[in-house]
A.B. asks: 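The structure that follows is given in the form of structure tokens.
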Number of protein chains: 2
Amino acid sequence: MTFSIGILSRRAGVKVPTIRYYEQVGLMPSPPRTDGQQRRYGDAEVARLNFIRHARELGFEVDAIRELLAMSAQPEESCAEVDRLARRHLAEVEQRIARLISLRTELQRMVTECGHGRVGECRVIQVLADHGECDHDHGGARTGFAEA
Amino acid sequence: MTFSIGILSRRAGVKVPTIRYYEQVGLMPSPPRTDGQQRRYGDAEVARLNFIRHARELGFEVDAIRELLAMSAQPEESCAEVDRLARRHLAEVEQRIARLISLRTELQRMVTECGHGRVGECRVIQVLADHGECDHDHGGARTGFAEA
DNA sequence: CTTGATCCTCTAGTCGCTAGAGCTTGTAGA
DNA sequence: TCTACAAGCTCTAGCGACTAGAGGATCAAG
């Protein structure tokens, strides 16, 4: 009926310390404890954790997931807010893609122009040292690098 | 002939605290100081900082930039290493692009399928709650989110 | 000589975890 | 029932690349 954090971890595919972290930041509830202070979970928590994992895999931030969870608990409400959140995230993803594609173009140019000689004549080094040659925008904004 | 960190900041387009951070992590040298402990720089530092900024804008990590700087100080060496670094970085960028494009596809599907009704029938929430419907890989690896 | 912009160091915060120390608890087998 | 020991617990610190702020010193112009 109830199970430990390790079992929950296996059922939802989320590491144990991550679950405790989610509890700390308010994504997961503080579950009941045994007399020895060990956490005990039920099936509802498996579902909730799966939801969180899916959202993280899609790149939603923790703050957004908190909102999504709150909204999904109100099934009678309009889903306009949910939609807005998802669209905003989609727009961010698209921006990152655009940024990365422009980086890729530049990197490709650099490596194809490299004559494989000495560092002194290396195109890669030259471009980095004297970026005036290609001063289109990509200066200052987000690069699109990251993680998860 | 020599100038302050603020001037260097403006000439290279890098914020003052960031320059101090670069010094701390060994990308920039510890420059000579005035009697009052203020840093004094010359033109060589402007060039070096520009190199660093360009490399960061292209998404190179600080460790990679350290190597690139060391190599660019050896103009007689072969640029094979430089080339290798740039190609590796390009490959990473391409991986991130691929990952983000698959996320985009999924997000697009979610938002276009949303009927704009109640949360209870919202496609976005359904997909997050029951990811079994689309269980192709994107589970566990890097998401491609980031920064800079 | 005064003003105030700029400089200094140091600490802590960002995000989403992850790693480790050092200790306690639960459970399965003998 | 006892004993291992896997798994749990809390707490702190670290990742990367900065950014923000406190609290005070210094420099250059007028």
Side-chain angles (χ1 to χ4, degrees), chain A residues 1-28 30-41 45 49 52-66 89 92 96 140-148, chain B residues 1-28 30-41 45 49 52-67 89 92 96 139-148:
Chain A
M1 200 55 222
T2 70
F3 37 86
S4 73
I5 197 168
I7 308 291
L8 175 61
S9 168
R10 259 164 265 142
R11 293 212 186 155
V14 174
K15 289 179 190 157
V16 168
T18 304
I19 297 171
R20 287 196 279 246
Y21 168 74
Y22 286 160
E23 180 180 331
Q24 205 178 302
V25 299
L27 283 191
M28 288 296 288
S30 299
R33 306 276 188 129
T34 63
D35 290 348
Q37 289 304 106
Q38 298 198 358
R39 292 166 177 83
R40 284 299 175 265
Y41 296 97
E45 281 70 44
L49 196 47
I52 296 169
R53 178 170 57 81
H54 300 330
R56 285 293 300 133
E57 284 168 6
L58 285 168
F60 285 96
E61 295 177 3
V62 162
D63 278 355
I65 297 174
R66 226 188 312 266
H89 180 52
E92 284 166 13
R96 287 190 183 120
R142 311 186 150 236
T143 59
F145 286 94
E147 201 42 54
Chain B
M1 202 53 225
T2 70
F3 38 85
S4 72
I5 198 169
I7 308 289
L8 174 62
S9 168
R10 258 164 265 143
R11 293 212 188 155
V14 174
K15 289 179 192 158
V16 168
T18 304
I19 297 172
R20 286 196 279 247
Y21 169 73
Y22 285 160
E23 181 180 331
Q24 206 178 304
V25 299
L27 283 191
M28 289 294 289
S30 299
R33 306 276 188 129
T34 63
D35 289 348
Q37 288 306 106
Q38 297 198 359
R39 292 164 177 85
R40 284 299 174 266
Y41 296 97
E45 281 71 44
L49 196 48
I52 295 169
R53 178 170 57 82
H54 300 331
R56 285 294 300 132
E57 283 167 5
L58 285 168
F60 285 97
E61 294 176 3
V62 162
D63 278 355
I65 298 175
R66 228 189 311 265
E67 293 189 59
H89 180 53
E92 284 167 12
R96 287 188 183 121
R142 311 186 150 235
T143 59
F145 286 94
E147 201 40 56

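A note on names: the letters A, B, ... follow the listed sequences, proteins ahead of strands, and every chain is numbered from 1. Excluded from the calculations below are hydrogen atoms, water molecules and symmetry mates; all remaining heavy atoms, backbone and side chain alike, are included. Computed from a prediction, not measured in an experiment: that's the story for all the values here.
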A.B. asks: What are the two closest heavy atoms between A:F3 and A:L8, and how far apart are they?
C.D. replies: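 Closest heavy-atom pair between A:F3 and A:L8: CD1-N, 4.0 Å.
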A.B. asks: If only atom types and distance count, is the side chain of B:H89 paired as donor or acceptor with the main-chain N or O of B:A64 below 3.5 Å?
C.D. replies: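 No, B:H89 side chain to B:A64 backbone: no donor-acceptor pair under 3.5 Å.
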A.B. asks: Atom NZ of B:K15 and atom C1' of D:dC18: how far apart are they, to the nearest Å?
C.D. replies: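 Rounded to the whole Å, the gap is 9 Å.
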A.B. asks: For B:D63, give me all partners under side-chain hydrogen bond (donor to acceptor under 3.5 Å, both in side chains), at least two apart in sequence or on another chain.
C.D. replies: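 Residues passing side-chain hydrogen bond (donor to acceptor under 3.5 Å, both in side chains) with B:D63: B:R66.
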A.B. asks: Name every donor-acceptor pair, under 3.5 Å, that has one atom in a side chain of residues 10-24 of chain B and the other anywhere in the protein, sequence neighbours excluded.
C.D. replies:
unit_1 : atom_1 : unit_2 : atom_2 : d
B:E23  : OE1    : B:R39  : NE     : 2.7

A.B. asks: Of all nucleotides in DNA chain C that come within under 4.0 Å of a heavy atom of chain A, which is furthest toward the 5' end and which toward the 3' end?
C.D. replies: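 Span of nucleotides near chain A: C:dG16 to C:dG26.
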A.B. asks: Polar atoms only, N or O, under 3.5 Å: list the protein pairs with nucleotides 26-30 of chain D and their distances.
C.D. replies:
unit_1 : atom_1 : unit_2 : atom_2 : d
D:dC27 : OP1    : B:T34  : OG1    : 2.8
D:dC27 : OP1    : B:G36  : N      : 3.0

A.B. asks: Minimum heavy-atom separation for B:V25 to B:V62, with atom names?
C.D. replies: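 The pair with the smallest heavy-atom distance is CG2-CG1, 4.3 Å.
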A.B. asks: Please report the distance, rounded to the nearest Å, between CZ in A:R10 and P in D:dG8.
C.D. replies: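 Between P of D:dG8 and CZ of A:R10: 7 Å.
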A.B. asks: So, taking the atom named CG in A:L49 and the one named CE in A:M28, what distance separates them when rounded to the nearest 0.5 Å?
C.D. replies: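 Between A:L49 CG and A:M28 CE, I get 4.5 Å after rounding to 0.5 Å.
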A.B. asks: Could you tell me which non-hydrogen atom of B:Q37 sits nearest to which non-hydrogen atom of B:R33, and how far apart they are?
C.D. replies: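 That closest heavy-atom pairing would be O-NH1, 2.8 Å.
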A.B. asks: Of all of residues 16-25 of chain B, which get a heavy atom below 4.0 angstrom from DNA chain D, listed by number?
C.D. replies: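 Those residues whose heavy atoms fall under 4.0 Å from DNA chain D, taken from residues 16-25 of chain B in numerical order, are B:T18, B:Y21, B:Y22.
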A.B. asks: Could you give the distance from CD1 (A:I52) to CD (A:E45), rounded to the nearest 0.5 Å?
C.D. replies: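 It comes to 10.0 Å.
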A.B. asks: Restricting to side chain to side chain contact (heavy atoms under 4.5 Å, CB included), what partner residues turn up for A:E61, sequence neighbours left out?
C.D. replies: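 With neighbours one apart ignored, the set is empty.
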